[in-house]
Amino acid sequence: MSPSRPLDAPPDASATATALRTDLAGDLRAGDAGRQVALCGWVARRREHGEHLAFVDLRDRSGVVQCVVDGASDLRSEYVVRVTGTVRDRPEGTVNPDLATGEIEVGDCAVEVLNAAEPPPFPVTDRVDADETARLRHRYVDLRRDRMQRNLLVRATVNRALRSAMERQGFLEVETPLLWVPTPEGAREFVIPSRLRPGEFYVLPQSPQLAKQLLMVAGVDRYYQIARCLRDEDLRADRQFEFSQLDLEASFVSQDDVLGFVSEAVLDAAQAVTGERPGEIPRLTWAEAMGRFGSDKPDLRAGPELVELGEVFAATGFRAFAGAPCIKGLRAPGHGDLGRNRLDALTERAKGLGAKGLVWLRVADGGALDSPVAKFLSDGERAGLVGATGAAPGDLLLVVADERRTVEIVLGQLRLDLGRPPVNEGPLALTWVVDFPLFEGLDPAGRPVPAHHAFTMPHPDDLDLLESDPLSVRSQSYDLVLNGWELGSGSIRIHRSDVQAAIFATLGISDEDARARFGFLLDAFRYGAPPHGGFAVGLDRLVAILAGEDNIREVIAFPKTQSGADPLTGAPAPVSPRLLDELGVRVLPPPT
RNA sequence: GGUCCCGUGGUGCAGUCAGGAGUGCACGCCGCCCUGUCAAGGCGGAGGUCGCGAGUUCAAAUCUCGUCGGGACCGCCA
């Protein structure tokens, strides 16, 4: 992402002036020449030229400006200073075109040290990437760097754009509780002991899902919130314990309505950050996404799609293909130079993903296929393979024959292994994935497992399949995908008790179970629940990609490490025995 | 729960495969010099539990095992 992309107009000087300063350092331009200014910030760098000339780069939130001082021997890196002086054009030949403030400097400076500072634990510059533990331990220093300041700005810009889009579309911001009730579904929850009722617990919400549905019953009609969500699951580059969502829910809506609300907000956010509005977000059905990309969160940037090869090999004599329920291929452009070691590794990878094997063919100059199995294929099959995949010399072809789902998942993963650019690279590849199956498979007891949650409305055309063929029932649920990252998901909810009862029956949830788990929601629905649906956009992921980062920790002010610790505060930490007593909590000795 | 990678003055790296004195590079830090630099420049200096603990060896930053911390991924994340 280019650093020149417009973010937001800088606040005007009157808004940033304080008792101690008149301007922000990075805002000064040639037009300010002649003005007396007072600036406050940190000493970014000193360049001393003897006793009576030194340059001090003063850094604040807005950037840096060069201050010319008589001597700087009493200044050190990261000292907090107040500089007063006169803005002036730089002398002929000393303009710095790499600096936004490079046409001017602040001359005749008086420098007041507001606070001395120890040398920083790592350089406050984007030029070197310090150890991440050190960065987190001294996050207040790390965040001074241009890159991190910019990431915070991108995040605030996205936040503002999303809020503004939701307000414009008539949504009402409502806050929902952080202290919620335990529910047995979904992600592992963070547990909060109750002091007033020892032995009982709140949990932190994994999302405001049920609360926002209650707000629909309450007649709020259109709700949104930039909501903190908390899930006690293992951390990843794209997952933290606590993360933020643009959460929304609306009444009397169709799926198209919801997709429209979310598109407007996300496209606004992208435009606010990049200055360009992406085109309309294309839609794929879940079946298309799986068939063409082998993934329910397809990365549209990652090279060619999977190719159906059943017809090509319909009458094959090659035993590995004959009679297979599904045969598909993938063209990997330019990978025809892979050696046997890499190809063997790919084969192992395919087997690890569930395939019985992997057929690879290198396309040689002239179009001949170089492969251990080429001799088992007829001339027509080889030509058909090249024709169907569009293979060219230098390409690698991969073919898998197996159950359809296995073929798609294996080739989909290999497609990413071989052709996926870094998540933060290239144009924004947004896509909707719609018509997810209602159930994603069977649990060990043979019961369908909900793909989204138990309140997802089935596709109206598939209602009568609930009993006869539940796994083929589509749902009115949908995901938003950006560069192969799941940005969010949502659904139209069930508001009719007869449909909900049918779903519970299919899931094997008895009336008593349902009452115990979701009683308060079912109660609410008896008092007039409007048809409704909603969505939640993962804010950290959206911001990371818009900021050009491949890790959401880079767009979170104070993130946790992969083991869930905060090197800055030392969290998590023990609490006093007295507090535990008050909470009615006893800690077990560590397992041996 | 599992797989893989990393850990060397304050910072970033090289050295580890193939054991031989804490060896090297760049930055930073401290001191001196320097009037137009902008990653300023020159000279000098200080700074080390090679993450930690065992083991092998005459000898371990280097090999082995364990452990701690960090990262990527699988499981997990309705």
Side-chain angles (χ1 to χ4, degrees), chain A residues 44-59 64-73 76-78 90-99 101-102 105 107 117-138 141-142 183-189 206-207 209-210 229-241 243 348-349 352-354 413 416-417 422 436 438-441 443 448-456 475 477 486 489-491 503 507 509 517-518 536 538 550-551 553 559-565 567:
Chain A
R45 195 161 273 113
R46 283 173 307 151
R47 295 175 293 279
E48 286 191 86
H49 293 258
E51 206 176 337
H52 291 296
L53 177 66
F55 301 100
V56 173
D57 289 341
L58 181 75
R59 181 190 64 239
V64 297
V65 72
Q66 170 167 290
C67 303
V68 186
V69 301
D70 192 41
S73 56
R76 293 291 183 272
S77 287
E78 302 306 317
R90 290 196 184 192
E92 185 90 27
T94 62
V95 165
N96 184 348
D98 299 328
L99 216 55
T101 58
E105 61 190 12
E118 291 182 23
F122 47 83
V124 185
T125 168
D126 293 346
R127 287 181 45 245
V128 281
D129 213 357
D131 172 71
E132 193 170 350
T133 314
R135 292 178 53 204
L136 293 181
R137 179 171 298 125
H138 302 280
V141 173
D142 188 44
T183 52
E185 307 294 304
R188 185 182 300 113
E189 294 160 325
Q206 36 183 301
S207 83
Q209 179 61 41
L210 301 181
C229 305
L230 299 108
R231 297 178 186 175
D232 189 3
E233 300 287 354
D234 287 1
L235 287 65
R236 289 280 198 283
D238 61 350
R239 280 160 36 189
Q240 284 269 306
F241 282 156
F243 58 100
E348 285 311 304
R349 172 84 166 145
L353 293 163
Q413 189 57 54
L416 296 179
D417 290 350
F436 271 72
L438 190 60
F439 306 107
E440 64 183 8
D443 69 13
V449 178
H452 193 57
H453 56 60
F455 312 105
T456 304
S475 67
S477 69
E486 182 189 321
S489 59
S491 62
I503 296 292
L507 293 175
I509 299 175
R517 294 189 197 185
F518 319 110
D550 62 4
N551 190 309
R553 290 191 299 274
K560 305 284 190 289
T561 66
Q562 196 165 69
S563 63

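A, B, ... follow the sequence lines: proteins, then strands. Residue 1 opens every chain.
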Grab the N/O contacts between the protein and nucleotides 12-15 of chain B below 3.5 Å, and write none if there aren't any.
| residue | atom | partner | partner atom | Å |
| --- | --- | --- | --- | --- |
| B:G12 | OP1 | A:Asp131 | N | 2.6 |

Using a heavy-atom cut-off of under 4.0 Å over every strand shown, decide if A:Thr125 touches base, sugar-phosphate, or nothing.
-> nothing

Which of the following nucleotides, B:C76, B:G36, B:G71, is nearest to the side chain of A:Phe55?
-> B:G36

Would you check if there is a donor-acceptor pair between the side chains of A:Glu132 and A:Thr561 at a distance under 3.5 Å?
-> no

Take atom NE2 of A:His52 and atom P of B:C34, then tell me their distance rounded to the nearest Å.
-> 10 Å

Considering only B:U35, B:G71, B:C38, which nucleotide approaches the side chain of A:Asn551 most closely?
-> B:G71

Pairing partner of B:C76 (Watson-Crick or G-U wobble, both distances under 3.5 Å) = none

note: A:Leu136, atom CG; B:G69, atom C1'; distance rounded to Å ~ 12 Å

Taking the side chain of A:Thr94 as heavy atoms from C-beta outward, which of B:C76, B:C38, B:C30 is closest to it?
-> B:C38

Shortest side-chain distance from A:Phe122, nucleotide among B:C77, B:U11, B:C30 | B:U11

Over how many whole Å does the gap from A:Glu105 atom CD to B:U37 atom C1' extend?
-> 10 Å

Select base, sugar-phosphate, or nothing to describe what A:Arg236 touches, counting heavy atoms under 4.0 Å on all strands.
-> base

Nearest-nucleotide wise, let me know which of A:Asp238 and A:Arg90 is further upstream toward the 5' end of RNA chain B.
-> A:Arg90

Provide the distance between the two P atoms, one in B:A26 and one in B:C73, to the nearest whole Å.
-> 36 Å

Identify whether the distance between the nearest side-chain nitrogen and carboxylate oxygen of A:Arg239 and A:Asp234 falls below 4.0 Å.
-> no

Can you check the A:Leu353 CG to B:C74 P distance for me, whole Å?
-> 10 Å

Base, sugar-phosphate alone, or nothing: which one does A:Ser563 contact when heavy atoms must sit under 4.0 Å apart?
-> sugar-phosphate

Residue matched to B:G69 through Watson-Crick or wobble contacts both under 3.5 angstrom | B:C6

Scan every strand shown for a Watson-Crick or G-U wobble partner of B:A18, both distances under 3.5 Å, and answer none if you come up empty.
-> none

Short side-chain N/O contact to B:G69 OP1/OP2 from A:Thr133, under 4.0 Å = no

Mapping A:Thr561 and A:Gln206 to their closest nucleotides on RNA chain B, which lands nearer the 5' end?
-> A:Thr561

With sugar-phosphate meaning primed atoms plus P, OP1 and OP2, does A:Arg517 contact a base, only sugar-phosphate, or nothing at under 4.0 Å between heavy atoms?
-> nothing

Out of B:C77, B:U35, B:A72, whichever nucleotide has its closest atom nearest the side chain of A:Arg239 = B:C77

